[in-house]
Amino acid sequence: MTASIVGWAHTPFGKFDTETVESLVTRVANEALADAGIAASDVDEIVLGHFNAGFSPQDFTASLVLQADPQLRFKPATRVENACATGSAAVHQGLRAIAAGAARIVLVVGVEQMTRTPGPEIGKNLLKASYLPEDGDTVGGFAGVFGKIASSYFQKYGDQSDALALIAAKNHKNGVANPFAQMRKDFGFEFCRAESEKNPYVAGPLKRTDCSLVSDGAAALVLADAETAKGMSKSIGFRATAHAQDFLPMSKRDILQFEGCTVAWQRALEKAGVALTDLSFIETHDCFTVAELIEYEAMGLTPKGQGARAIKEGWTLKDGKLPVNPSGGLKAKGHPIGATGVSMHVMTAMQLAGQAPEGMQLKNAKLGGIFNMGGAAVANYVSVLEPLK
């Protein structure tokens, strides 16, 4: 690829009553530029990932990034959106600007503020990432959509409650070491497995511990072309990227296949010239635990219907043969929609630079994979990163 990540920033994810979309954006923009050692005047283009869908009264947010520094005034700035993959859509757009020769340095920011929205409205907003003519009346909102997917998976392959609880427990345990994570608590398998007052069923077989968190937060990256990156203090290169968009209606595809995920992984791995087993770790989109389970199969880690093997046999644990979500994933870290894909790239870059927080850092991480998904396997983005310096 023609570009590298040369700087980054990340707020903690959580509920922030004193923050706004603007304050979150300007904070990470300035911090990412400082981390890269780049002046705002050197930025050629700005890309903001912001889903919104009603979460924020302020729409038309691309220019909010300019509030970070007066020297950003008059720079090209664009907001992009692709449901829960909005952050990766922003990253990939920045890469295309560099590949096209339109920019040497791109500032990419992802943001969302969700927690100020009343609960029923949150569900309504998230459901906009599904096909409303078919799913608009789904009880439980977007959780209800994935509850249906989980029920169908259970019906076809048997009860997977143990596997889902193991995935939840793994990600919560990993999140303890991540200072940016919204929920830093090791709940353990038994709590995640059992229905209780604190862990009720939410939709279908999915309990509260199977669902990612409603979050506020932001993350940012500075991307630079290959020549510029040579002069930077750190450089995490894009070995490959891929984006596969699938049909929005689930009725037009086999929803248990996550075929867009499979296609995106196949394209990225082929471009990178590596196999899945060559990766040191993966950050994958666990909006719900059943999503991570199916993604094991879609990425080629296990055959169809056998995703449970990967977690039950410890393959995806932090010390397993292919650690998945060492950051804690969306499950523990939180899921501020527009920020998530950028966050995944920051977490991966930190690992590859050897700069992840103590307890979260993996040994000898040489190649990192990212899968960020919008909707129910509709927008599918994969990045493969490697450290260059």
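Position 1 is the first residue of the sequence; numbering continues from there.
Side chains of Leu64 and Leu48 form no contact here, defined as non-hydrogen atoms less than 4.5 Å apart. Side-chain contact between Leu213 and His335 is absent, with no heavy-atom pair separated by less than 4.5 Å. A 4.5 Å side-chain heavy-atom check between Phe281 and Leu322 finds every atom pair outside the cut-off. Using a 4.5 Å heavy-atom threshold, the side chains of Val342 and Val109 count as separate.
In the model, Thr228 has a side-chain atom that pairs as donor or acceptor with a side-chain atom of Arg104 under 3.5 Å. Remark: the Thr241 side chain and the Tyr381 side chain contain no N/O donor-acceptor pair separated by less than 3.5 Å. Of the N and O atoms on the side chains of Gln257 and Thr262, not one donor lies less than 3.5 Å from an acceptor on the other residue. Side-chain contact annotation: Asp216 with Thr115, donor-acceptor N/O pair under 3.5 Å present. No side-chain N or O of Gln67 forms a donor-acceptor pair with one of Thr26 less than 3.5 Å apart. No donor-acceptor contact under 3.5 angstrom links the side chains of Ser196 and Asn199, judged on distance only.
Listed by first then second residue, pairs satisfying salt bridge (charged side-chain N to carboxylate O under 4.0 Å, His left out) with a partner in residues 355-368 number zero, not counting sequence neighbours. Within the structure, the salt bridge (charged side-chain N to carboxylate O under 4.0 Å, His left out) test picks out the following pairs touching residues 158-170 (sequence neighbours left out): Asp162-Arg193, Lys170-Glu292. Sorted by first and then second residue, the pairs that involve residues 227-237 and meet salt bridge (charged side-chain N to carboxylate O under 4.0 Å, His left out), not counting sequence neighbours, are Asp35-Lys234, Glu227-Lys230. Pairs engaging residues 367-380 under the salt bridge (charged side-chain N to carboxylate O under 4.0 Å, His left out) rule: none recorded [sequence neighbours left out].
Going from atom SG of Cys84 over to atom NE2 of His285 covers 4.5 Å, rounded to the nearest 0.5 Å. To the nearest 0.5 Å, atom CD of residue Gln93 and atom OG of residue Ser88 are 13.0 Å apart. Taking OG of Ser4 as the reference point, atom CG of Leu388 lies at 4.5 Å (rounded to 0.5 Å). In this structure, CZ on Phe247 lies 12.5 Å from CD1 on Ile255, to the nearest 0.5 angstrom. Taking CD1 of Ile236 as the start and CG of Leu221 as the end, the distance is 11.0 Å to the nearest 0.5 Å. Considering NE2 of His243 and CG of Asn82, their distance stands at 5.0 Å, rounded to 0.5 Å.
Taking Leu66 as the reference, Ile46, Leu72, Ala77 meet the side-chain contact (heavy atoms from CB on, under 4.5 Å) condition, with sequence neighbours excluded. Taking Gln306 as the reference, nothing meets the side chain to side chain donor-acceptor pair (under 3.5 Å) condition, with sequence neighbours excluded. Remark: His50 engages no residue in a ring pair (Phe, Tyr, Trp, His ring centres under 6.0 Å) (not counting sequence neighbours). Residues passing the side-chain contact (heavy atoms from CB on, under 4.5 Å) test with Leu248, sequence neighbours excluded: Tyr131, Val378. Every residue meeting the ring pair (Phe, Tyr, Trp, His ring centres under 6.0 Å) condition with Phe288, not counting sequence neighbours, appears here in chain and number order: Phe146. Qualifying side chain to side chain donor-acceptor pair (under 3.5 Å) partners for Tyr157, counting only residues two or more places apart in sequence or in other chains: none. Every side-chain contact (heavy atoms from CB on, under 4.5 Å) that Lys173 has, sequence neighbours left out, goes to Asp186.
A side-chain donor-acceptor contact under 3.5 Å links Gln351 to the backbone of Met360. Judged by distance alone, the side chain of Asn380 and the main-chain N or O of Ala244 form a donor-acceptor pair under 3.5 Å. Between the side chain of Thr348 and the main chain of Gly368, no donor-acceptor pair closer than 3.5 Å is present. Using modelled atom types, no side-chain atom of Asn325 and backbone atom of Ser327 make a donor-acceptor pair closer than 3.5 Å. Glu195 contributes no side-chain N or O that, together with a main-chain N or O of Pro200, makes up a donor-acceptor pair within less than 3.5 Å. Of the possible polar contacts, none joining the Arg239 side chain to the Val384 backbone as a donor-acceptor pair under 3.5 Å is found. Of the possible donor and acceptor atoms, none in the side chain of Asn171 sits under 3.5 Å from a partner among the backbone N and O of Ala332. Panel note: side chain Asn52, backbone Phe55; a donor-acceptor pair is recorded below 3.5 Å. Judged by distance alone, the side chain of Lys312 and the main-chain N or O of Ala163 form no donor-acceptor pair under 3.5 Å. Judged purely by atom type and a 3.5 angstrom limit, Asp69 has no side-chain atom pairing as donor or acceptor with the backbone of Ala40.
A side-chain hydrogen bond (donor to acceptor under 3.5 Å, both in side chains) with Ser215 is found for exactly one of Lys333, Gln113, Gln182, namely Gln182.
Here the closest heavy-atom approach between residue Ala242 and residue Ala268 is recorded as CB-N, 3.8 Å. When every heavy atom of Gly217 is checked against every heavy atom of Ala339, the shortest pair comes out as O-CB, 3.7 Å. Heavy atoms only, all atoms of each residue included: Phe238 and Ser383 are closest at CE2-OG, 4.0 Å. For Asn125 against Gly54, the heavy-atom pair with the smallest separation is ND2-C, 3.5 Å. The two residues Ala291 and Cys287 come nearest to each other via the heavy atoms CB-SG, 4.0 Å.
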For residues 5-19, please give each side-chain donor-acceptor pair under 3.5 Å, one per line with the distance, not counting sequence neighbours.
from: His10; atom 1: NE2; to: Ser343; atom 2: OG; distance (Å): 2.8
from: Thr11; atom 1: OG1; to: Ala218; atom 2: N; distance (Å): 3.0
from: Thr11; atom 1: OG1; to: Ala218; atom 2: O; distance (Å): 3.3
from: Glu19; atom 1: OE1; to: Ser23; atom 2: OG; distance (Å): 2.4

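Taking the centre of each ring, His172 and Phe187 come in below the 6.0 Å mark.
Salt bridge absent: Lys304 and Glu297 never bring a charged side-chain N and a carboxylate O closer than 4.0 Å.
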Take Val43 and Leu33, measure what side-chain contact (heavy atoms from CB on, under 4.5 Å) needs, and give me the verdict at the end. CA-CA 9 Å; Val43 172; Leu33 291 172; 3.6 Å; yes

